[in-house]
S.K.: 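One structure follows; several queries about it will come next.
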Amino acid sequence: MSPSPDGTAGAPTGGPTRYDPQAIEARWQQVWHDEGTYQVDNDDPRPPFYVLSMYPYPSGPAHMGHVRNYTMGDLLVRYRTMRGDGVLSPIGFDSFGLPAENAAIKTGTHPRVHTDRNVEALSASLRRIGAVYDWRRVVKSHDASYIRWTQWIFLKFYEAGLVYRDNAPVNWCPGCQTVLANEQVLGDGTCERSGDLVERRDMEQWFYRITAYAQELLDDLDHVDWPEKVKVMQRHWIGRSEGAQFGLPVADADGNARTDVEPLAVYTTRPDTSFGMTFAVISPEHPRVDELTTDDRRADVEAFRASVAGRSDIERQSTEGTLDKRGVATGGRVVNPFTGQAIPVFLADYVLMTYGTGAIMAVPGQDQRDWDFAVAHGCDIVRTVQPPDDFDGEAYVGEGPAINSAFLDGMGVAEAKATAIAWLEEHGHGTGKVNYRLRDWLLSRQRYWGCPIPIVYCDDCGEQPVPVDQLPIEPPDDVEFMPTGRSPLTTHEGFLSATCPSCDGPARRETDTMDTFVDSSWYFLRFADPTNDELPFSADAAQRWLPVDQYIGGVEHAILHLMYARFFTKALADVGVAPKGLREPFQRLFTQGMIRLGGSKMSKSKGNLVAPEAILDDQGADALRLAHLQVKPPQEDVDWEDFGIDGCAKFLNRVWRLAVPGSDLAAGARTGDPTEADAEVDRATHRLVARITDEYDRWSYNTAIAGFMEFTNTLYRYVQADDGPHATTLDAAVDALLLVMAPAAPHLCADLWEARSGGHVHTEPWPTADPDKLVDDTVTMVVQVNGKVRDRLEVPADVDEATATALALACDKVVAALDGGEPRKVIARPPKLVNVVV
RNA sequence: GCUCGAGUGGUGGAAUUGGUAGACACGUUGGACUUAAAAUCCAAUGAGCAGUAAUGUUCGUGCGGGUUCAAGUCCCGCCUCGAGUACCA
């Protein structure tokens, strides 16, 4: 598919030069870089517009997923620049992380060396696909200048009470030798990175208090222009529920409520069904298990707790297994405050200590799981909502009037809830309560290649934040990587030993580092002010550029990165670092689909990567970019097998032969008065501009590429028609094509534009369409009989309804269908359609 | 189970408010150019039926109903595939 060695053999009679992607692409990449075409200063007079593609983990040269992502971002950067905006287009590298450390263990190469090498390789790839950035603003997570501010922000949050240390049951990945955040554990209980089965361990860990923002994180989703899918996922993850929390007094041997011990707190979303509570269930990890267990049941309870402790999370969460085996009676009883009845307390593994109060009221009449449990353990079942007459199921969870519920009887669910909560509050049993599924963000990792947590431990003063003037705390370079996978920080004396900032006595340093999602939670703010050495960024710079006008990335970050970055932005604003009014980091989000090969996601770990190099060497960057844009709507996943690189390369050749100065295709061009054919090409040119503008604006890149091709086909027919082209009409048409294609195929368009007109196509203003030229004088009107197309007529574009009707009724087909009779009805939608009903 | 999203020619897809279904591309076929091939250019290409042909005609957007003059598009009920989530009380 590469041009034939003798170059011009392919053109009808040959152009003065041939389309040589290698030569022009390298040259223009150099021009954009040397001239700083896409550098933008913070006092740029143009309207600010911030385009950001998620910064990549530097895993080596770009793969196809990168190409797709950064091509789309680049198209937008170039398009908005031509529209007259001062576009901030930064790039950086998410350069901390486990792969570099694993490589060090395997090959002995230091993660810093490995990472720097990969950053270089990836930077070079990005340049080679023609993506343009303000390279002065590069940010790398592992740079000392970035670590410093990541740690500074940690301390700022520490001061504000948004960071804390706690002993908690955590997710431990044996493969990664570190703990993971809840968000990094997949639904099947495996690590999202290594695929290993995640274990439960109790460890001292650091947390960001993201739950303090649960409600705001939920509410502000309404104010961002994001794909609904992503918003739904976040809402689900935050998991707000409204209900009531109240106490169940512990019962004595006679079943009376004791007043000398704390009632057992339960949380429910269905306080309206409380009269149907016939037992309670608590988590095996609940601190009051011992207290509630009677002596005769203690052996069974202990055995049950031991069996649960030995089970993995997946086993425990599976719905397999009979419920009687998954729960055990404690022998203890509590009192249902609504009925005054004593009810038994069970232990069951499905009650999680980490949600609500770790204890639930069980209402078998309205909850299927409670129903199953009640049947297995012989508990009473009382319906408190009247099911419809035709209901033949077990638990009824639908709407209906309350029954068997004293003062709630007859009320609907919503009213009964409110009344039950009011009753609880009035009698001091409890209150209405909102709960969230979202947990605090576990940020510590037992790894070397990450941002160290700036804390020291002093025997006398305890946990102490590192003074900010000692930042950054960098991971030391003189370390050995052990095949055990244990972080070398834990054995590095030079790193470990520190001085207590409070008493100047000896202290030891925290050896955990931060989750790399911490780094990516504020990098977009650093881009606004990347060299600031007083602050992570100035509020003014953030005010100018943030929120990001268009953020672009993979949907795989829908929960993790995007939730964390939102939290950081809000918290940074609240601690006075970011502008007060900056509540969201990314105003608009576009999530592009991933690339599959052989049915599975293309990824390094699957070993099914297609390297772009061979294509760049052969058909060139513009052809590869076009193929990515054309193959499918950008938000959808795509199979590599469906890419049409050759077709795109062929198309670029067609454009080249048409547009290159001295092209034989334009050789016989006429001058003088334009003909109707010329006027039609002129109108097509204006329609192209209008169409592409609209399609770029709504991310319909695949149809935009089709638009280029369609228009090019039109021009080929035009230049090869008997009359030949009109010189100025053709020039205007080709110029317009080069302008609208410039964001998509930048090298080719830049080269042709320079050859034709001089100057840089990418600094030209975006063309505008003349509205008067968007419609033809005549249009094709469809004539239908009973909704079926029977004829097509050329009519004036401004034909009125009466004329259109008359023309339609005069058609042979219509006359035949009417067979002398009158139409029952005529629907006229001039000038597009007339439908005759007979 | 729940929540989203998607099902259109041989293939990827197009059709923004209901108004010519299949743009554009790939593939295939034919023609031009060539000693030949490649490349290039031009043309045809949803399926069926009738016709030498121009053409005519029927069917056709996962399945079954419905609304409408008119449905890929709206409504109801299903099926299949994909994604997310999963005992969250």
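Here is the naming used below: chain letters follow the sequence lines, and residue numbers restart at 1 for every chain.
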S.K.: Could you state the interatomic distance from CD1 (A:I692) to OG (A:S700), rounded to the nearest 0.5 Å?
M.R.: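 Interatomic distance, A:I692 CD1 to A:S700 OG, rounded to 0.5 Å: 9.0 Å.
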S.K.: Nearest of B:G12, B:A89, B:U20 to any side-chain atom of A:T780?
M.R.: B:U20
S.K.: Can A:R68 and A:D637 be counted as an ion pair, charged N to O under 4.0 angstrom?
M.R.: no
S.K.: Test for a donor-acceptor pair under 3.5 Å between the base of B:U16 and the side chain of A:D694, counting only N and O atoms.
M.R.: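 Pair found.
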S.K.: Regarding A:R691 and A:E710, does a basic nitrogen lie under 4.0 Å from an acidic carboxylate oxygen?
M.R.: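 Looking at A:R691 and A:E710, the cut-off is met.
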S.K.: Distance between the P atoms of B:C74 and B:G18, in whole angstroms?
M.R.: 9 Å
S.K.: Can you find a side chain N or O atom of A:K788 that sits less than 4.0 Å from OP1 or OP2 on B:C59?
M.R.: yes
S.K.: Take atom CG of A:D642 and atom P of B:G12, then tell me their distance rounded to the nearest Å.
M.R.: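 Atom-to-atom, A:D642 to B:G12, this comes out as 7 Å.
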S.K.: Would you indicate what A:R654 reaches in the nucleic acid, counting non-hydrogen atoms under 4.0 angstrom: base, sugar-phosphate, or nothing?
M.R.: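 Counting heavy atoms under 4.0 Å across all strands, the contact made by A:R654 is with sugar-phosphate only.
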S.K.: Checking understanding here: a glycosidic angle within 90° of 0 is syn, the rest anti, so what is B:G18?
M.R.: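 The base of B:G18 is oriented anti (glycosidic angle more than 90° from 0).
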S.K.: Between A:D646 and A:K650 (salt bridge meaning N to carboxylate O under 4.0 Å), is one present in this structure?
M.R.: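 Salt bridge between A:D646 and A:K650, a charged N being under 4.0 Å from a carboxylate O: no.
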S.K.: With a 4.0 Å limit, can you tell me whether A:R657 has a side-chain N or O closer than that to the phosphate oxygens OP1/OP2 of B:C41?
M.R.: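 Yes, within the criterion.
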S.K.: Send over the distance from A:M233 CE to B:G84 P, rounded to a whole Å.
M.R.: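 Computing the A:M233:CE to B:G84:P distance gives 7 Å.
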S.K.: Answer yes or no: does a side-chain N or O of A:K825 lie under 4.0 Å from OP1 or OP2 of B:C69?
M.R.: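 Yes, because at least one side-chain N or O of A:K825 sits under 4.0 Å from OP1 or OP2 of B:C69.
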S.K.: Given the P atoms of B:G56 and B:C4, what is the spacing between them in whole Å?
M.R.: 47 Å
S.K.: For A:K231 and B:G5, give me the distance from atom NZ to atom P, rounded to whole Å.
M.R.: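 Answer to the nearest Å: 13 Å.
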S.K.: Rounding to a whole Å, what distance do you find between A:Q234:CD and B:U85:P?
M.R.: 12 Å
S.K.: Classify A:Y716 by what it touches in the nucleic acid, base, sugar-phosphate, or nothing, heavy-atom distance under 4.0 Å.
M.R.: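 Touches sugar-phosphate only.
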S.K.: Across the strands shown, which category fits A:K813 at heavy-atom distances under 4.0 angstrom: base, sugar-phosphate, nothing?
M.R.: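 The residue A:K813 makes sugar-phosphate contact but no base contact.
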S.K.: Roughly how far apart, to the nearest Å, are B:C33 and B:G27 at atom C1'?
M.R.: 23 Å
S.K.: For A:W237 and B:A83, give me the distance from atom CH2 to atom P, rounded to whole Å.
M.R.: 17 Å
S.K.: Under 4.0 Å: is that the gap between some side-chain N or O of A:Y355 and OP1 or OP2 of B:A89?
M.R.: yes
S.K.: Which nucleotide wins on minimum distance to the side chain of A:Q720, given the candidates B:G84, B:C41, B:A89?
M.R.: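 Closest nucleotide to the A:Q720 side chain: B:C41.
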S.K.: Looking only at non-hydrogen atoms, find the nearest pair between A:E794 and A:T780 and report the distance.
M.R.: OE2-OG1, 2.7 Å
S.K.: Would you please classify the geometry between the A:W699 ring and the A:F590 ring as parallel, tilted or perpendicular, with 30° and 60° separating the classes?
M.R.: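 Aromatic pair A:F590/A:W699 classed parallel.
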S.K.: List the atom of A:L833, the atom of A:M781, and the distance in Å for their closest heavy-atom pair.
M.R.: N-CG, 3.8 Å
S.K.: Ring centres under 6.0 Å, that's the criterion: do A:W371 and A:F373 meet it?
M.R.: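 No, the ring of A:W371 stays outside the 6.0 Å limit from the ring of A:F373, centre to centre.
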S.K.: Anything below 3.5 Å on both distances counts as a pair; with that, list the stems of at least three consecutive Watson-Crick or G-U pairs involving RNA chain B.
M.R.: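 Correct response: B:1-7 with B:79-85, B:10-12 with B:24-26, B:27-32 with B:40-45, B:46-50 with B:55-59, B:62-66 with B:74-78.
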S.K.: If the plane angle is over 60° it's perpendicular, under 30° parallel, otherwise tilted; pick one for A:F708 and A:Y696.
M.R.: perpendicular
S.K.: Which value, in whole Å, describes the distance between the P atoms of nucleotides B:C63 and B:A25?
M.R.: 29 Å
S.K.: Using a 4.0 Å heavy-atom cut-off across all strands, classify A:T354 as base, sugar-phosphate, or nothing.
M.R.: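 Here A:T354 touches no strand at all.
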S.K.: Look at the side-chain N and O atoms of A:R829 and state whether any lies under 4.0 Å from the OP1 or OP2 oxygen of B:C69.
M.R.: no
S.K.: Pick the closest RNA chain B nucleotide for A:K229 and for A:G358 by heavy atoms, then say which residue is nearer the 5' end.
M.R.: A:K229
S.K.: Between B:G1 and B:U20, how far apart are the two C1' atoms, rounded to whole Å?
M.R.: 45 Å
S.K.: Do the side-chain N or O atoms of A:R790 get closer than 4.0 angstrom to the phosphate oxygens (OP1, OP2) of B:U58?
M.R.: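 Looking at the OP1 and OP2 atoms of B:U58, one of them is under 4.0 Å from a side-chain N or O of A:R790.
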S.K.: Give a yes-or-no answer on whether the side chains of A:Y355 and A:S241 include a donor-acceptor pair shorter than 3.5 Å.
M.R.: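 Yes.
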S.K.: Tell me the closest heavy-atom pair linking A:Y716 and A:R654, and the distance in Å.
M.R.: OH-O, 2.8 Å
S.K.: P atom, B:A23 versus B:U8: distance in rounded Å?
M.R.: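 Per the computed distance, 16 Å lies between those P atoms.
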S.K.: Write down the distance separating the P atoms in B:U16 and B:G72, rounded off to the nearest Å.
M.R.: 13 Å
S.K.: When you check every protein heavy atom under 4.0 Å of nucleotides 21-30 of chain B, what one-letter string (B, S, -) results, 5' to 3'?
M.R.: S-BSSS----
S.K.: Compare every heavy atom of A:L438 with every heavy atom of A:T211, then report the nearest pair and how far apart it is.
M.R.: CG2-O, 3.3 Å
S.K.: Can you tell which of B:G19, B:U11, B:C88 lies closest to the side chain of A:N835?
M.R.: B:G19
S.K.: Could you check how far CD of A:Q635 sits from P of B:U16, rounded to whole Å?
M.R.: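 It works out to 15 Å between those atoms.
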S.K.: Taking atom C1' in both B:A21 and B:U61, what distance in whole Å separates the two?
M.R.: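 Rounded to whole Å, the distance is 8 Å.
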S.K.: In this structure, how many angstroms lie between the C1' atom of B:A83 and the CZ atom of A:R596, rounded?
M.R.: 11 Å
